[in-house]
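Numbering of ligands and ligand atoms starts at 1, following listing order. In what follows, residues are counted from 1 in the order of the sequence shown.
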Amino acid sequence: MVEDRASNAGNSILILDQTRLPQVAVQVRLNTVDDVAHAIRSMQVRGAPLIGVTAAYGVALGLKHDASDSQLAQVVDMLAATRPTAVNLHWALARMQRVLQKFPQGCNALALGTRREVAWHEARAIAAEDVATNVAIGEHGLRILTMHKPKDAVLQIMTHCNAGRLATVAHGTALAPVYAAHAAGIPVHVWVSETRPRNQGLLTAWELAEAGVPHTLIADNAAGLLIMQGKVDLLIVGADRIAANGDTANKIGTYLKALAAQAHGVPFYVAAPLSTIDFSCPTGYAICIEERAAAELGAGDVPVVNPAFDITPAHLITGILSENGVVSVEELAQWKS
Ligand SMILES: CSC[C@H]1O[C@H](OP(=O)(O)O)[C@H](O)[C@@H]1O
């Protein structure tokens, strides 16, 4: 969720501080590009698509007093350095830079006024497009869920981390089909993996409870047993970066679920907007995996390795779901623009 507050008092954006959920829902006002960089780095704002949208607004905030090319480059570099894996961040920044460079630079009133107006307009456009993308992913995903629903039984879905409305501007990516199915009266149940160490699964549980969607929280390590026991009809997860061959970077723990799914013949889908596909990245091996602070594991002085993402090889993925529909990893290239 992000709401922009463009007003005479000076522009700002309101975000929901996801580090406070699910205990409390606290909105935070971001007034500067530094505020936005901190919010992304600290994961107050998280989720690949929402990170991209928020960074776009961060560019607009960064040009409040200086609309020079050097300031634009500095703002983009600052925001790009917040998190390396989610390509949506870098896609949004590149788009903002591409659009703004068409307009005069400088610190005079004309340049400031023009670039500020253009930046806010483009950030709003990116946000609006994410809403449309969420809806389309939900519609296409509904057909997938319907296809996999057992006759006369509740559809059992497993997801990982949070790829719901908290991670986007509107309805989510992996959860968009779940919300669409629930709205269509299709009985669904969601196995929600807690997703250590940042426990984004609690955000998913919070969202699903708000929406009245039946769900059960599980320890990440319980996923394999449930899949083995035939309690999961399909898995659907989000993505942070999809390589040209379909290898997918997503929250740490995704790969293990994909392995269990393949071992037991359970379909495994990745849901993401086209902006998550990085055709310049040939395979998953070229994707930078963010390493986060040891303190996130809360292990005191114990040596820690804390990769925030892993790579699911394309051959473990049944299909990739975007606003364009569902394709196999082999068909991904058709979406290259
Ligand atoms: C639609 S969100 C995509 C993706 O982003 C999340 O990562 P993080 O919580 O670190 O921002 C997670 O990997 C989701 O699947």
Side-chain angles (χ1 to χ4, degrees), residues 1-2 15-19 21-22 39-55 82-92 127 129-131 133-138 141 158-179 190 192-207 220 235-242 247-258 268-278 284 287-293 296 306-312 317 320-323:
M1 184 281 280
V2 57
I15 57 106
L16 188 58
D17 181 349
Q18 298 191 40
T19 63
L21 285 174
I40 294 171
R41 198 180 300 114
S42 65
M43 296 176 66
Q44 286 178 305
V45 168
R46 48 144 303 279
L50 186 63
I51 289 172
V53 169
T54 308
T82 54
R83 297 190 73 189
T85 306
V87 69
N88 312 63
L89 167 63
H90 307 280
W91 168 85
E129 288 166 22
D130 192 58
V131 175
T133 295
N134 297 171
V135 171
I137 289 175
M158 179 177 284
T159 193
H160 188 61
C161 195
N162 172 260
R165 66 182 183 84
L166 285 171
T168 62
V169 178
H171 314 293
T173 55
L175 292 188
V178 173
Y179 291 132
V190 184
V192 178
S193 193
E194 65 176 350
T195 314
R196 274 189 49 74
R198 293 299 297 256
N199 296 330
Q200 290 93 325
L202 300 183
L203 303 180
T204 294
W206 181 81
E207 273 195 39
D220 297 323
L235 287 91
I236 185 165
V237 300
D240 289 81
R241 191 183 297 245
I242 301 171
D247 292 349
T248 295
N250 196 51
K251 187 53 50 193
I252 192 76
T254 303
Y255 176 40
L256 290 176
K257 287 181 167 66
F268 184 93
Y269 289 92
V270 170
L274 293 175
S275 55
T276 306
I277 306 172
D278 182 356
I287 298 175
C288 172
I289 299 294
E290 179 186 8
E291 182 69 34
R292 292 190 65 90
E296 290 188 350
N306 181 19
F309 302 97
D310 59 24
I311 304 294
T312 297
I317 298 171
I320 292 179
L321 165 65
S322 83
E323 59 270 38

* To do: Say whether N162 and R46, considering side chains only, have a donor N or O and an acceptor N or O under 3.5 Å apart.
  =>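 A donor-acceptor contact under 3.5 Å links the two side chains.
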Quick one: nearest non-hydrogen protein atom to [atom], plus distance?
| atom | answer |
| --- | --- |
| atom 3 (C) of ligand 1 | A239 O, 3.3 Å |
| atom 1 (C) of ligand 1 | T173 OG1, 3.3 Å |
| atom 13 (O) of ligand 1 | D240 OD1, 2.6 Å |
| atom 15 (O) of ligand 1 | N250 OD1, 2.5 Å |

Tell me the contacting part of [X] for ligand 1: side chain, backbone, both, or neither, using a 4.0 Å heavy-atom threshold, strictly below.
| X | result |
| --- | --- |
| R83 | side chain |
| A163 | both |
| R198 | neither |
| P49 | side chain |
| T254 | neither |

* Asked: Among Q18, R292, R46, K251, whose heavy atom sits nearest atom 10 (O) of ligand 1?
  ->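 Of the listed residues, K251 has the closest heavy atom.
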* Asked: Nearest non-hydrogen atom to atom 11 (O) of ligand 1 belongs to which of A167, G47, G238?
  ->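 Ranked by closest heavy atom to atom 11 (O) of ligand 1, first place is G47.
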Could you tell me whether the side chain of [X] and the main chain of [Y] form a donor-acceptor pair under 3.5 Å?
| X | Y | value |
| --- | --- | --- |
| R292 | N306 | no |
| T168 | L50 | no |
| H160 | I252 | yes |
| D220 | R196 | yes |

* Flag F309 as yes when one of its N or O atoms lies below 3.5 Å from any N or O atom of ligand 1, and as no otherwise. =>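 There is no such contact.
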* Asked: How many angstroms lie between atom CD1 of I311 and atom OG1 of T248, to the nearest 0.5 angstrom?
  ->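 Rounded to the nearest 0.5 Å, the CD1-OG1 separation comes out at 8.0 Å.
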